[in-house]
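Side chains included, hydrogens not; waters and symmetry mates left out as well; all remaining heavy atoms used. Counting convention: from 1, in listed order, for ligands and their atoms alike.
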Amino acid sequence: MVERFEVALNTPAGRLTTAIEVPTGFIPITAIVPVTRRLGEEAAQLEVQQAITAGRTISCQMGCAACCRMLVPLSVPEAFALREYVEQLPTDRRTLLLNRLSDTKDRLERAGLWDRLNDVAETSRPVPDEELDPINRSYYALRIPCPYLENEMCSIYEARPAACRELLVTSPAELCQDMVQNPVTPLPVSMRIGSILGLVWGALTSSPPRLIPLPMALEWAERHEQESRRTWPGSSLLDQILDNMWRFLSQAFTNRRGARGKGQEVPSQNKQNKREKKCKSPSSSV
Ligand code: SF4
C-alpha cells in the first residue's frame with residue numbers, strides 16, 4: 001500500500017507542484033531517496049527555465065564530463081542507495097565497476113589521499129570547510145575521472161548522486177576544464193538534496209551529518225550495512241524530508257532577496273509551501 005501526496009513547494013524560481021507516493025508501512029531510508037532526488041530535479045528544472053527565460057544558456061551537455069573529476073560528496077542514504085544499485089547490476093557490469101573503484105583507490109592511496117578521505121567519511125564530528133577545502137583541491141589536482149565515468153558519460157546515470165545532478169553552469173563549457181582557476185557560473189541550487197538527506201539521517205540516528213566521498217561510498221556502505229537495515233514509517237520520512245526542504249527554500253528566498261537588494265520583493269512566499277494527503281491507493285511498495 002502507498003499513500004499519495006500532492007506536494008506544493010514555492011521555490012525562488014517558481015512553484016513546484018507534483019504528486020508523490022510513499023509506502024504506508026515501514027521502509028528503509030533508501031526507499032525515500034529516489035523521490036527526494038526527483039523533487040530536487042524538478043526544482044532544478046525551474047531554475048533552468050528561469051535562466052533560459054532570462055536569456056542565459058545552460059552549457060552542460062551529454063558527453064561533457066569536465067566536472068566528473070571533482071570529489072563528489074554523498075549523504076549516508078545516498079551511499080546506501082548506491083550500494084543497493086550496484087549490487088543489483090549484472091555480474092560483469094558490477095565487476096567492471098568494482099575493478100575501476102579498486103584502481104581509483106590505488107591512485108588515491110599513492111597520492112596519500114585515501115586515508116584523509118576515510119577520516120572525513122568516518123568522523124563523528126562535523127568537518128569544517130577549512131578542512132575540506134584542501135582535500136577537495138588535492139583530489140581535483142589529480143584529475144582522476146570518476147570511477148563511474150565511461151566514455152565521458154555517467155554509467156550510473158539514474159543512480160548518480162544528488163551533487164552530480166545539481167551542478168549546471170551557464171558559463172562557457174571550456175571554463176569547466178579548470179573549475180578552481182576559472183570563473184565558472186553555476187545555476188543557483190535552492191535545495192541541496194544530499195544535505196537534506198544527510199540532515200534527515202542525522203536526526204533519525206542522532207549522528208552528525210556525514211560526507212562520504214564517492215570513490216569510497218560502496219566500501220563505507222558495506223561497513224555500515226547494519227544501519228542501512230533500519231526502517232521508519234514512510235510518511236514520517238517524507239515529513240522530515242519536506243521539513244528540511246522548506247528550511248532550505250526559506251534560506252534560499254532570504255539569500256536571493258538579499259542579493260537583489262532590500263527594495264525588491266521576491267515574488268512568492270515559501271510559507272505557503274504545503275503537503276496535502278490526496279488518497280490512499282493499493283500499489284506495490286517503492
Ligand atoms: S557519478 Fe556520474 S555524474 Fe557523478 S561524477 Fe561520477 S560519472 Fe560524473
Item to check | Ring-ring centroid check Trp246 Phe253, cutoff 6.0 Å | outcome: no

Item to check | Over 12 foreign heavy atoms within 6.0 Å of CZ, Arg38 | outcome: yes

Next on the checklist: Heavy-atom distances under 4.0 Å decide this one: backbone, side chain, both or neither, for Pro161 against ligand 1?
Outcome noted: side chain

Checklist entry - Please state which protein non-hydrogen atom is closest to atom 8 (Fe) of ligand 1 and give its distance, to 0.1 Å? => result Cys68 SG, 2.3 Å

Checklist entry - Picking from Thr11, Leu16, Val7, Leu39, what satisfies side-chain contact (heavy atoms from CB on, under 4.5 Å) with Met245? => result Leu39

Next on the checklist: Report whether any nitrogen, oxygen or sulfur of Cys67 sits less than 2.8 Å from atom 8 (Fe) of ligand 1 (N, O or S, backbone or side chain).
Outcome noted: no

Checklist entry - Which protein non-hydrogen atom lies closest to atom 4 (Fe) of ligand 1, naming both residue and atom, and how far is it? => result Cys164 SG, 2.3 Å

Checklist entry - Do any N/O/S atoms of Cys146 come under 2.8 Å of atom 6 (Fe) of ligand 1? => result yes

Checklist entry - Counting N and O atoms only, with roles assigned by atom type, does the side chain of Ser59 sit under 3.5 Å from a partner on the main chain of Ser171, one being a donor and the other an acceptor? => result yes

Checklist outcome for this item: atom 2 (Fe) of ligand 1 has as its nearest protein heavy atom Cys154 SG, 2.4 Å

Checklist entry - Is the ring centre of Trp114 less than 6.0 Å from the ring centre of Tyr139? => result no

Item to check | Sub-4.0 Å atoms of ligand 1 with respect to non-hydrogen atoms of Leu149 | outcome: 7 (S)

Checklist entry - Are Arg83 and Phe80 in a cation-pi contact, defined as NZ or CZ under 6.0 Å from the six-membered ring centre and within 45° of the axis? => result no

